[in-house]
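Heads up: the structure comes next, in structure tokens.
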Amino acid sequence: MGAYRKKVQIAILILVVLIGGFAIGNALFKNDSKVPGVGDSPPGFSLFDLNGNAHNLSDYEGKPLIITFWGTFCPPCVKELPEFQRLYDKWQSKGLEVLAINLSEADLPVQNFVSKLNLNFTVLRDVNRKVERQYGLRSYPTTFFVKPDGTISEIAITAMTEKQIQERVEKLFQSS
Amino acid sequence: MFQNTKCECGHQNHVGTVLCESCGKPLGEQLLSDEPLEMRYDGVARRSQKANPNFIDKIWNFFSSVKIAVYLIIITLLASALGTIFRQESLLSEDPATYYEIQHGTIGKIYYMLGLSRTYESWWFTTLLVMIGTSLVVCSLDRVLPLYRALSKQQIRKHLHFILRQKVVHKTQISGDETEFINKLGEQLKKKRYRVHQDGTALLAEKNRFSRWGPYINHIGLILFLLAVLARSIPGFQMDMYVAVQQGQTVEIEGTPYYIKNEQFTVDYYTDDELPEPLKGTARPKLFETKAVLYECTANCNNLTQEPVLQEVYRHDIVMNNPMVYEGLKAYQSGFDATPRLEAVKPVLINKETGEEFGPFDLEIRNPKTSFEAGPYKLELRSQFMEFAIDENGEPTTLSRDPNAPAYLFILSGPGLKQDGEPYLYFPNQIDKLQFNQDAINRPIADRFEIKVNGMENVKLSGPITYLNIRKDKALPYIWIGATISMIGLIMGFYWHHRRVWLRVDSGVLSLGAHTNKNFYGMRNDVAWALGKAGIEVDPKSLDNGGNKT
């Protein structure tokens with residue numbers, strides 16, 4: 001009788017620890033709404049560039065990476081893109097990659113814009129705002145700085161000057 | 001600590017026993033008083049009451065306390081209430097980091113910083129629920145098993161102390177044969193649907209014992225309910241979101257392998273005859289319906305560089321309260337937007353000097369071709385603005401990616417035009433054309449050429465957009481089952497009462513005690529009725545031994 005009671009007690013407490021632990025752990029470690037944050041890996045994607053070549057995020061593994069979201073309808077983005085170009089010219093030889101993802105606009109404005117500004121980093125085309133949603137964008141421009149180890153080191157949700165970008169890029173290289 | 005738990009009848013009781021498990025004689029403190037007995041759990045010890053509790057016993061005892069359970073419930077109630085003060089983060093479309101301060105000031109900021117904006121998903125709220133669940137299980141087990149044991153082997157002949165300290169008591173001298181009297185009384189109680197057990201000159205009559213299990217059945221239901229609620233945090237168990245689907249389009253239901261197509265959307269409005277006076281002339285929708293098709297993605301899913309391969313799995317006409325249901329996934333009609341938007345236009349090029357018309361050509365609003373021909377003229381599309389505006393430098397720009405005020409910059413070339421062409425800015429919407437003064441912008445060319453649409457037959461409008469609420473809740477059936485079990489338990493406990501009558505005759509003296517868990521008024525009437533039929537007239541009120549409210 002005593003031994004049986006003890007067994008039931010222990011069995012129930014173990015169940016409580018298992019179910020309760022699962023539920024509490026779920027609440028504790030649930031990444032709220034799946035939006036990537038600092039320290040996370042950026043969500044993978046596969047998108048076309050302006051020439052119709054597919055690019056996978058995984059193609060850029062091991063490189064310091066800037067992922068920026070932009071649109072022609074967003075004046076700060078329009079101002080910021082040439083800054084990225086200048087930085088890219090400077091750091092390209094050291095391995096920096098820039099992926100500028102357009103916010104699901106039509107072909108012509110994007111083509112026009114890129115050729116007007118003479119951008120030669122990779123410009124990708126989001127489709128139906130899907131990648132934008134995966135990255136949990138709330139305002140434009142938003143830029144993700146990704147370290148060579150594949151984790152996000154910083155998320156900038158404002159437009160940056162060349163100097164501000166420069167500082168962050170230096171950090172990316174230091175961390176490698 | 002040593003405690004003598006052996007009763008004078010020879011029964012060895014567990015530590016914590018209040019009334020001897022066998023003869024019912026009060027033990028410990030109860031013995032010293034003359035008050036009616038505390039009959040809770042029939043005076044048996046709770047399962048966990050032990051002389052020397054170890055660590056596990058101590059945890060067990062913590063959860064076994066009803067006082068702790070009540071505190072847990074109060075804390076959970078308060079926390080739930082706090083969570084309703086401001087809107088929860090999960091319902092926001094704005095950035096929660098700034099929303100609360102902007103909307104509610106400092107209090108909002110504190111609310112956000114304390115994490116109350118995520119009350120119901122928080123680890124501490126879940127911990128409270130888990131603790132309540134544990135307390136439910138432990139409290140129930142600790143009480144139901146000893147109670148079951150006590151009720152299933154009741155002794156018929158109870159100690160006089162036990163009988164005469166019930167809340168319903170009668171003691172009187174009887175004449176005649178004792179056994180015959182007991183038999184007679186037993187017969188009467190049977191008529192009241194009591195089960196009667198006799199042991200010589202002692203009798204036990206009992207009815208509706210099953211109502212004692214009501215609270216525990218209720219608890220089983222609640223535990224199932226709680227488990228189902230906790231299961232909702234398992235990925236894929238629950239979803240609740242909205243999709244907007246334009247007529248003719250197919251959109252992905254994110255987080256599932258499904259795509260949903262709006263084949264046709266129809267809306268009926270009330271006629272003026274059907275509307276009350278103040279609403280006449282307004283558009284009041286009567287019925288709207290989405291002819292929907294559900295597809296399952298079989299290949300190239302989640303790959304934006306390839307077309308997904310879709311396979312039709314289900315079709316249904318979705319109306320209010322008649323959702324599409326497919327394998328636990330439900331699509332409810334939520335709303336619609338029937339505002340027509342330009343999708344494509346077929347403009348013509350007019351030579352104003354000769355009055356000749358060339359074209360038409362097809363211009364898609366969102367993704368147009370870049371080169372057109374109209375008679376001898378060539379039109380090269382140079383720029384496209386979805387929401388045309390002039391920026392601070394006087395340059396044309398676009399304010400958004402949605403075609404709210406589309407404009408197209410063409411380079412026209414052909415007979416009567418300059419060699420390398422002349423620019424022409426075209427606004428398909430008449431209202432934009434006037435607002436931005438198309439003719440003034442195109443001044444050098446406006447009096448010679450014009451691009452315009454002839455009649456509505458050359459305009460293609462977008463179909464209405466239907467808003468569907470997509471829901472999935474695998475936990476719901478279990479919540480219903482839990483709620484039903486809980487209700488059955490409540491009904492058992494509320495509408496039936498456990499009534500017992502003990503009596504014994506010792507040398508011509510009848511001692512009778514009766515107990516019920518609720519409605520002592522009815523209990524006294526039962527006893528008085530049975531006694532009356534057996535030849536002892538008593539007023540039901542005179543049976544009251546005090547200590548109760550009914």
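Order of the sequence lines fixes the chain letters, A, B, ..., with proteins taken first and strands second; residue numbering starts at 1 for each chain.
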Less than 4.5 Å to any heavy atom of chain B: does that hold for the side chain of [X], its backbone, both, or neither?
X: A:N128; value: neither
X: A:I24; value: both
X: A:L103; value: both
X: A:F113; value: neither
X: A:L47; value: both
X: A:N112; value: side chain

Begin from the C-alpha positions of A:F84 and A:W70 and carry the test ring-ring contact (aromatic ring centres under 6.0 Å, His included) through to its verdict.
CA-CA 12 Å; A:F84 282 119; A:W70 68 279; over 10 Å; no
Between [X] and [Y], do the side chains contain an N or O donor and an N or O acceptor separated by less than 3.5 Å?
X: B:N262; Y: B:Q246; result: no
X: A:T72; Y: A:E105; result: yes
X: B:S64; Y: B:D142; result: yes

Using a strict threshold of under 4.0 Å (side-chain N to carboxylate O), is an ion pair present between [Y] and [X]?
X: B:K369; Y: B:D362; result: no
X: B:D402; Y: A:R129; result: yes
X: A:R133; Y: B:E252; result: no

Under 4.5 Å from a heavy atom of chain A, the part of [X] involved:
X: B:L227; value: side chain
X: B:R401; value: both
X: B:T397; value: side chain
X: B:S383; value: both
X: B:E387; value: neither

B:L222: partners by side-chain contact (heavy atoms from CB on, under 4.5 Å), with sequence neighbours left out:
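Testing B:L222 for side-chain contact (heavy atoms from CB on, under 4.5 Å), a comparison that skips the adjacent residues, returns B:L136, B:N218, B:H219, B:S486.
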Answer key: most heavy-atom pairs under 4.5 Å with chain A among B:I59, B:L230, B:T134 is B:T134
